[in-house]
Engineer: 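The structure that follows is given in the form of structure tokens.
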Amino acid sequence: MTTTIVIIFLVVYLGMILGGLPFLQLDRTGIALLGAIALISVDAVGLQEAAEAVHLPTIILFFSFMVVSAQMRLGGFYDWVTRRLATLPLSPPQLLGALIFIVAGLSAVFSNDIICLAVSPVLINACVKRRLDPVPYLLALACAANIGSAATLIGNPQNMLIGQTLRLSFGGYFIEAILPVTLGLGTTWALIAWQTRGRWAQSSTMAAEHALREGAETKLDRWQTAKGLAVATVLVLAFLYAPWPREHVALTAAGVLLMSRKLHSNKMLGLVDWELLVMFIGLFVVNYALQQTGLIDTVVADLGGLGVDLHQLGPLFLATFMLSNIVSNVPAVMLLLPVATDSMAGPLLALVSTLAGNLLMLGSIASIIVVDSAPRQDIRIDCHRHARIRLPGTIATLAIYAAYLWLRARARFG
């Protein structure tokens, strides 16, 4: 049975790496679900065990914030913010900086994937109107959404998982993350501004090929937006100061938003990323089955015998970075959570797994959304230009956090 579990686990994670399996029409969600089904079918995991393996508080928190983000999107808030930003009397570098910090702030509270999905088409149209090249702004959008989402325990799926599993303090994590995140955003702005210097204007060829798509934008509904902002504010305050379980508060907030006289529940629930929730459920079951074999503890012990102790911050930093770029950040975090025993391991997992997502073009869902949205509006993002920004940017932001982590660890141990 152990051999069967290991084979299923390896096939699932091979699918995570490749994004699919040869000869089968499966994406990462389908692979994770099929892996869980296979484990249950061969009786490696019982149905009751599979249900208990799923960390329900994390799933509830994911769902609840997807509903909150759906409220903001249907209310036209993201489109309105982008349009307002584009009309500010700022120079191109100043506009880039404003975009980076606004997107980062939104991503810290709402889903970074939703921010990219909602902002990308409006941003492209706004840039065309101002005769600016949309590419540096799209790259800034993807990078800022990822970096900004690392600032809180609700900014992205892996942070929610870490915060719920390790029961991290919402305010304590924010204090731990805000300095490296802010420095990372500043570095991203400086890098993109430096590489784009003198080339902010849109080329005449691009202007001729691009057709504005005004109809795709959602008009601002002030009541629905105010309702969503009020609920989000109450949630953040409750997470900071109230003793109640975060998943209970978030689920209640989602229920309040679903009770609407204007926005039908099918529209709200239609914007929930059910595939992501199913992928998490499948991975919970697959990882649980492997943990029950005791092989993970054996591997961790063997690595420790070789001088690579994953319970230590340095090896954990490197393992998180490498795994996040091999199997993506969410599966990487699931694998490494059992060794996150140090008091600083939770913030390390959250920050490194998120920042590592900026290394490759396909390293995060937010980046994929931005890259995919550009061709649909006749915008071409050159791979080499993309790499010239993302590679040094990711290395610089991780180096900033590594230096910060070293200083924090040194202060802790005197």
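Any value given below was found using the heavy atoms of this structure, including those in side chains, with hydrogens, waters and symmetry copies removed.
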Engineer: Leu220 and Arg222: side chain to side chain contact (heavy atoms under 4.5 Å, CB included), yes or no, with the steps?
Structural biologist: CA-CA 6 Å; Leu220 179 69; Arg222 295 184 182 277; 4.1 Å; yes
Engineer: Phe317 vs Leu398, test: side chain to side chain contact (heavy atoms under 4.5 Å, CB included). Steps then yes/no.
Structural biologist: CA-CA 10 Å; Phe317 186 106; Leu398 285 170; 4.2 Å; yes
Engineer: Which value, rounded to the nearest 0.5 Å, describes the distance between Thr87 atom OG1 and Lys129 atom NZ?
Structural biologist: 10.0 Å
Engineer: Say whether, by atom type as modelled, one donor and one acceptor occur between the side chain of Thr293 and the main chain of Leu290 under 3.5 angstrom.
Structural biologist: yes
Engineer: Looking only at non-hydrogen atoms, find the nearest pair between Pro315 and Leu310 and report the distance.
Structural biologist: O-CD2, 3.9 Å
Engineer: Would you confirm whether Arg197, through its side chain, and Trp194, through its main-chain N or O, come within 3.5 Å as a donor-acceptor pair?
Structural biologist: yes
Engineer: Has Arg246 got a side-chain atom pairing as donor or acceptor with Gly163's backbone, closer than 3.5 angstrom?
Structural biologist: yes
Engineer: In terms of ring plane angle, is the pair Phe63 and Trp274 parallel, tilted or perpendicular, where the classes change at 30° and 60°?
Structural biologist: tilted
Engineer: With a 4.5 Å limit on heavy-atom distance, are the side chains of Arg83 and Asp79 in contact?
Structural biologist: yes
Engineer: If you compare all heavy atoms of Ala345 against all heavy atoms of Leu316, which two are closest, and at what distance to 0.1 Å?
Structural biologist: CB-CD2, 3.7 Å
Engineer: Take Arg28 and Glu275 through the test salt bridge (charged side-chain N to carboxylate O under 4.0 Å, His left out) and record every step on the way to the result.
Structural biologist: CA-CA 9 Å; Arg28 287 186 172 93; Glu275 289 192 6; over 6 Å; no
Engineer: Mind listing the closest non-hydrogen atom pair of Ala70 and Leu271 along with its distance?
Structural biologist: CB-CB, 3.8 Å
Engineer: Within this structure, what is the CG-CZ distance for the pair Leu313 and Arg408, rounded to the nearest 0.5 Å?
Structural biologist: 10.0 Å
Engineer: So which heavy atom on Ala32 is nearest to which on Met279, and how close?
Structural biologist: CB-O, 3.7 Å
Engineer: Is any side-chain heavy atom of Ile154 less than 4.5 Å from a side-chain heavy atom of Asn159?
Structural biologist: no
Engineer: For Ser64 and Glu247, which I'm curious about, is there any donor-acceptor pair between the side chains at under 3.5 Å?
Structural biologist: no
Engineer: Would you indicate whether Arg167, at its atom CZ, is surrounded by more than 12 heavy atoms from other residues, nucleotides or ligands within a distance under 6.0 Å?
Structural biologist: yes
Engineer: If only atom types and distance count, is the side chain of Thr225 paired as donor or acceptor with the main-chain N or O of Gly75 below 3.5 Å?
Structural biologist: yes
Engineer: First locate atom OG1 of Thr341, then atom CD of Gln312, and finally report the distance between them rounded to the nearest 0.5 Å.
Structural biologist: 8.0 Å
Engineer: Hey, are the side chains of Lys227 and Ser260 touching, using non-hydrogen atoms and a 4.5 Å cut-off?
Structural biologist: yes
Engineer: Could you please spell out the steps behind the side chain to side chain contact (heavy atoms under 4.5 Å, CB included) verdict for Tyr288 and Met334?
Structural biologist: CA-CA 10 Å; Tyr288 169 81; Met334 285 188 167; over 6 Å; no
Engineer: Using 0.5 Å steps for rounding, measure from the CE atom of Met160 to the CZ atom of Phe280.
Structural biologist: 9.0 Å
Engineer: Which distance, rounded to the nearest 0.5 Å, do you find between the OG of Ser169 and the CZ of Phe239?
Structural biologist: 12.5 Å
Engineer: Specify the closest pair of heavy atoms between Asn112 and Ala145, including all atoms of both residues, with the distance to one decimal.
Structural biologist: CB-O, 3.4 Å
Engineer: Donor-acceptor pair, Ser353 side chain versus Ala350 backbone, under 3.5 Å?
Structural biologist: yes
Engineer: Taking the side chain from Thr397 and the backbone from Thr394, do they hold a donor-acceptor pair closer than 3.5 Å?
Structural biologist: yes
Engineer: Might you point out which heavy atoms bring Gln158 and Thr354 nearest each other, and give the distance in Å?
Structural biologist: NE2-OG1, 3.1 Å
Engineer: Is there a side chain to side chain contact (heavy atoms under 4.5 Å, CB included) between Val231 and Gln71? Walk through the geometry before answering.
Structural biologist: CA-CA 10 Å; Val231 168; Gln71 172 77 25; over 6 Å; no
Engineer: A quick test of your reading: do over 12 heavy atoms of other residues, nucleotides or ligands sit less than 6.0 Å from CH2 of Trp189?
Structural biologist: no
Engineer: Tell me if a side-chain donor or acceptor on Thr152 pairs with a main-chain N or O of Ala108 at a distance below 3.5 Å.
Structural biologist: yes
Engineer: Mind checking side chain to side chain donor-acceptor pair (under 3.5 Å) for His248 and listing every partner two or more places apart, or none if nothing turns up?
Structural biologist: none
Engineer: Is there side-chain contact between Leu283 and Val12, with heavy atoms separated by less than 4.5 Å?
Structural biologist: yes
Engineer: For residues Leu348 and Tyr401, determine if any side-chain heavy atom of one lies less than 4.5 Å from a side-chain heavy atom of the other.
Structural biologist: yes
Engineer: Would you mind telling me which of Asp133, Val119, Leu123 makes a side-chain contact (heavy atoms from CB on, under 4.5 Å) with Leu138?
Structural biologist: Leu123
Engineer: Please name all residues satisfying side chain to side chain donor-acceptor pair (under 3.5 Å) with Tyr13, sequence neighbours left out, ordered by chain then number.
Structural biologist: Asn287
Engineer: Please examine the side chains of Leu263 and Gln224, heavy atoms only from C-beta on, and report whether any two atoms are closer than 4.5 Å.
Structural biologist: yes
Engineer: Would you say Gln94's side chain and Ser91's backbone share a donor-acceptor pair under 3.5 angstrom?
Structural biologist: yes
Engineer: If we count only N and O atoms by modelled type, under 3.5 Å, do the side chains of Asn156 and Ser149 hold a donor and an acceptor together?
Structural biologist: yes
Engineer: For residues Tyr137 and Ile192, determine if any side-chain heavy atom of one lies less than 4.5 Å from a side-chain heavy atom of the other.
Structural biologist: no
Engineer: Is there side-chain contact between Val352 and Ser324, with at least one heavy-atom pair below 4.5 Å?
Structural biologist: no
Engineer: So how far is it from Leu99 CG to Leu141 CG, rounded to the nearest 0.5 Å?
Structural biologist: 6.0 Å
